Amino acid sequence: MPVSLHHIVVDAHDLPGLARFWACALRWRVLSEREREVVIGPDESAPVGMCFMPVPATERKTVKNRLHLDLTTVAEDRDAEIDRLLALGARRVDVGQTGEESWTVLADPEGNEFCVVRPKRTLIE
């Protein structure tokens with residue numbers, strides 16, 4: 001059997017806080033909350049979730065992420081979803097975009113960049 005994606009793991013200073021941000025952002029829920037691990041997902045039997053693990057307080061994010069999440073929605077909801085994410089604690093960030101892109105770059109409360117991209121019908125369109 002081939003491997004499959006199980007968790008997207010995010011290092012965090014505030015595990016419960018960052019997990020709650022992403023659970024609200026994705027309209028998922030917190031599935032498990034332990035001292036050194038918080039897991040979120042749509043439900044316990046979903047194929048993929050996110051896991052938040054502690055990082056030392058002295059370890060700060062200093063450069064653009066090498067891996068980030070792309071979120072999408074339907075066209076008529078895009079601006080409202082961006083506003084909702086900003087109200088949850090995201091912020092707009094500049095990673096060198098020109099202003100002509102079909103995506104908006106945001107960062108979560110701990111500075112991890114993610115994008116809200118134009119609506120997609122498939123993984124490649």
Side-chain angles (χ1 to χ4, degrees):
M1 181 175 145
V3 298
S4 60
L5 184 60
H6 179 66
H7 280 156
I8 298 165
V9 179
V10 180
D11 290 344
H13 292 117
D14 176 5
L15 276 66
L18 197 58
R20 279 191 278 285
F21 167 84
W22 280 104
C24 288
L26 298 170
R27 292 186 168 92
W28 287 1
R29 60 191 181 99
V30 174
L31 302 173
S32 171
E33 189 168 344
R34 299 182 184 123
E35 183 181 342
R36 300 188 52 77
E37 175 188 86
V38 179
V39 176
I40 68 168
D43 62 67
E44 289 182 11
S45 61
V48 177
M50 291 178 75
C51 178
F52 297 84
M53 304 289 291
V55 65
T58 56
E59 189 176 313
R60 296 280 176 219
K61 184 177 177 311
T62 58
V63 297
K64 179 179 169 279
N65 294 2
R66 300 223 24 210
L67 173 74
H68 71 267
L69 303 179
D70 281 351
L71 309 181
T72 192
T73 187
V74 295
E76 50 275 6
D77 292 343
R78 188 169 182 275
D79 290 338
E81 279 299 296
I82 290 170
D83 289 343
R84 185 180 72 82
L85 294 166
L86 292 168
L88 289 173
R91 59 184 166 77
R92 294 178 186 274
V93 293
D94 181 355
V95 294
Q97 58 269 49
T98 66
E100 299 298 316
E101 293 81 8
S102 61
W103 60 86
T104 299
V105 184
L106 302 175
D108 70 18
E110 291 201 12
N112 300 300
E113 297 92 2
F114 64 97
C115 295
V116 180
V117 301
R118 68 176 170 74
K120 302 283 188 170
R121 292 186 309 250
T122 70
L123 290 176
I124 58 174
E125 292 180 15

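Note that the structure is predicted; figures quoted are calculated from it, not measured.
Cluster membership check: Phe114 shares its hydrophobic cluster with Ile8, using side-chain heavy-atom separations under 4.5 Å among Ile, Leu, Val, Met, Phe, Trp and Tyr. In this structure, Val116 is a member of the same hydrophobic cluster as Leu69, with clusters built from ILVMFWY side-chain heavy atoms closer than 4.5 Å. Both Leu86 and Leu18 belong to a single network of hydrophobic side chains, linked directly or stepwise wherever heavy atoms of I, L, V, M, F, W or Y lie under 4.5 Å apart. Note on Val30: it clusters hydrophobically with Leu88, by side-chain heavy-atom contacts below 4.5 Å among ILVMFWY residues. Criterion: ILVMFWY side-chain heavy atoms under 4.5 Å apart, direct or through other members. Under it, Phe21 and Leu26 are part of a common hydrophobic cluster.
A search for side chain to side chain donor-acceptor pair (under 3.5 Å) contacts involving Ser45 returns Asp43, not counting sequence neighbours.
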**Request:** Could you give me the CA-CA distance, side-chain angles and deciding distance for His7 and Met50, then say whether side-chain contact (heavy atoms from CB on, under 4.5 Å) is met?
**Result:** CA-CA 5 Å; His7 280 156; Met50 291 178 75; over 6 Å; no
**Worked verdict on Leu71 versus Leu85 for side-chain contact (heavy atoms from CB on, under 4.5 Å)** = CA-CA 11 Å; Leu71 309 181; Leu85 294 166; 4.3 Å; yes
**Message:** As a quick check of understanding, evaluate side-chain contact (heavy atoms from CB on, under 4.5 Å) for Lys64 and Val93, giving each step before the final call.
**Reply:** CA-CA 10 Å; Lys64 179 179 169 279; Val93 293; over 6 Å; no
**Prompt:** Would His68 and Asn112 satisfy side-chain contact (heavy atoms from CB on, under 4.5 Å), going step by step from the backbone distance to the final call?
**Reply:** CA-CA 8 Å; His68 71 267; Asn112 300 300; over 6 Å; no
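Scanning both residues, Pro16 and Val38, for their nearest heavy atoms gives N-CG2, 4.2 Å. Listed here is the closest heavy atom pair of Pro42 and Val48: CD-O, 4.0 Å. Counting all heavy atoms, side chain and backbone alike, Val117 lies closest to Asp70 at CG1-CG, 3.8 Å. Summarising the geometry of Pro109 relative to Gly89, their closest heavy-atom pair is CG-O, 3.9 Å, with the distance given to 0.1 Å.
With a 4.5 Å cut-off on side-chain heavy atoms, Lys61 and Glu110 do not count as touching. Residues Met53 and Arg36 have side chains not in contact (no heavy-atom distance under 4.5 Å, counting atoms from C-beta outward).
Atom CZ in Arg84 sits 7.5 Å away from atom SG in Cys24 (nearest 0.5 Å). Distance CD1/Ile82 to CZ/Arg78: 4.0 Å, rounded to 0.5 Å. To the nearest 0.5 Å, atom NE2 of residue His13 and atom CD of residue Glu59 are 6.5 Å apart. Note: Asp79 CG to Thr73 OG1 = 10.5 Å, rounded to the nearest 0.5 Å.
Screening residues 89-99 for side-chain hydrogen bond (donor to acceptor under 3.5 Å, both in side chains), with sequence neighbours left out, gives Thr98-Glu101. Applying the side-chain hydrogen bond (donor to acceptor under 3.5 Å, both in side chains) test to pairs two or more places apart or on separate chains, those with a residue in residues 16-28 are Trp22-Asp108, Arg27-Glu81.
No more than 12 heavy atoms of other residues, nucleotides or ligands sit less than 6.0 Å from atom CD of Glu35. Residue Leu67 places its CG atom among 12 or fewer non-hydrogen atoms of other residues, nucleotides or ligands, all under 6.0 Å distant.
Of the possible donor and acceptor atoms, one in the side chain of Thr72 sits under 3.5 Å from a partner among the backbone N and O of Arg118.
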